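Comments concern the structure below.
Computed from a predicted model, the values in this text were never measured in an experiment. Residue numbers count from 1 along this sequence. Values below: every heavy atom of this structure, side chains too, minus hydrogens, waters and symmetry copies.
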Amino acid sequence: LGYYTGMLSAYGKSISYKGGYYGIGILSKYPFSSVERILLPMVEEKREQRSLLVTQVELNDGRKVTVACTHLDLKSEIRMVQVKEINKILRKSGNPVLLAGDFNAKPDSPEISEGMKEWQHSCKDDVYTIPAKAPKSKIDYIFSYPTSSWKVVSSYVPEVFLSDHRPVIAIMELN
């Protein structure tokens, strides 16, 4: 994707899959000063390994922003453990943070309503992302932290059918 978009890319493998890899990625028009894949806690055996990809992006003015991406487990109890770990990691980064991904959780789930309550949500809860053809639910998000560092200029979910999910797009302004 980096090649085809002309953007810089970072990738974090979560699992081996069909002779290749399955994981998460980040595209950026700004250079990465660091990239780290962090394996999220495995609360139960024989579950798919989930991960957090954390990058430090250096803006043109020299400021750094932490940009992270994740894809959480299908079980609520496991997601809550993963959200707690993500909060612990990202909130101590020292930079303003953007976090995006497939949380596999609806807005009223405890992992979103409680686990992400100190984060700014970029899109309203009634902007649905899944299934792509006729969305009836929201499980994909872009969050920002701390809320005082970010302004949501605009956000939307376009009608795109390249996945079983629709993408979330947000224009964020760093204060």
Under a 4.5 Å cut-off applied to non-hydrogen side-chain atoms, are [X] and [Y] in contact?
| X | Y | answer |
| --- | --- | --- |
| V152 | M172 | yes |
| D102 | L72 | no |
| N175 | W150 | no |
| I24 | S51 | yes |
| Q56 | V65 | no |
| W119 | N87 | yes |
| L99 | L90 | yes |
| L174 | K151 | no |

Once rounded to the nearest 0.5 Å, what's the spacing between atom [atom1] of [X] and atom [atom2] of [Y]?
| X | Y | atom1 | atom2 | value |
| --- | --- | --- | --- | --- |
| K106 | K138 | NZ | NZ | 13.5 Å |
| L8 | T55 | CG | OG1 | 10.5 Å |
| T5 | L27 | OG1 | CG | 4.5 Å |
| S144 | Q120 | OG | CD | 4.0 Å |
| I86 | Y145 | CD1 | OH | 14.5 Å |
| E48 | I78 | CD | CD1 | 11.0 Å |

(Q) Can you confirm whether Y156 is buried at OH, in the sense that more than 12 heavy atoms of other residues, nucleotides or ligands lie under 6.0 Å from that atom? (A) no
**Q.** CZ/F161: more than 12 non-hydrogen atoms of other groups inside 6.0 Å
**A.** yes
Donor-acceptor side-chain pairing of [X] and [Y] below 3.5 angstrom:
| X | Y | result |
| --- | --- | --- |
| D73 | Q82 | no |
| S33 | E58 | no |
| Q49 | S14 | no |

What are the two closest non-hydrogen atoms of [X] and [Y], and how far apart are they?
| X | Y | answer |
| --- | --- | --- |
| P167 | V160 | CD-CB, 3.9 Å |
| V57 | S28 | CG1-OG, 3.7 Å |
| E118 | R91 | OE1-NH2, 2.6 Å |

(Q) If the threshold is 4.0 Å, N to carboxylate O, is there a salt bridge linking E44 and K75? (A)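 The answer is yes: the pair qualifies as a salt bridge.
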Q.
Salt bridge check, K84 against E111: does any charged N sit closer than 4.0 Å to a carboxylate O?
A. no
(Q) Tell me whether the rings of Y22 and H71 are parallel (<30°), tilted (30 to 60°) or perpendicular (>60°). (A)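 Plane angle between 30° and 60°, so tilted.
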Q: Identify which one of C123, S122, P107 satisfies the side-chain contact (heavy atoms from CB on, under 4.5 Å) criterion when paired with Y141.
A: P107
Going only through I, L, V, M, F, W and Y residues with side-chain contacts under 4.5 Å, is there a path from [X] to [Y]?
| X | Y | value |
| --- | --- | --- |
| F143 | L52 | yes |
| L40 | V35 | no |
| M42 | V81 | no |

Q: Start with the C-alpha distance between E85 and I89, add both sets of side-chain angles, then the distance that settles side-chain contact (heavy atoms from CB on, under 4.5 Å), and finish with yes or no.
A: CA-CA 6 Å; E85 182 70 10; I89 292 164; 3.7 Å; yes
Q) Any sub-3.5 Å donor-acceptor pair from R166's side-chain atoms to I130's backbone N or O? A) no
Q) For I139 and H165, what are the C-alpha separation, side-chain angles and deciding distance, and is it a side-chain contact (heavy atoms from CB on, under 4.5 Å)? A) CA-CA 9 Å; I139 62 172; H165 299 240; 3.4 Å; yes
Q: Go through the steps for Y30 and V67 under the test side-chain contact (heavy atoms from CB on, under 4.5 Å), then give the verdict.
A: CA-CA 11 Å; Y30 299 106; V67 179; over 6 Å; no
Q.
Test side-chain contact (heavy atoms from CB on, under 4.5 Å) on H121 and I112; report intermediate values, then the result.
A. CA-CA 10 Å; H121 299 230; I112 300 299; 3.8 Å; yes
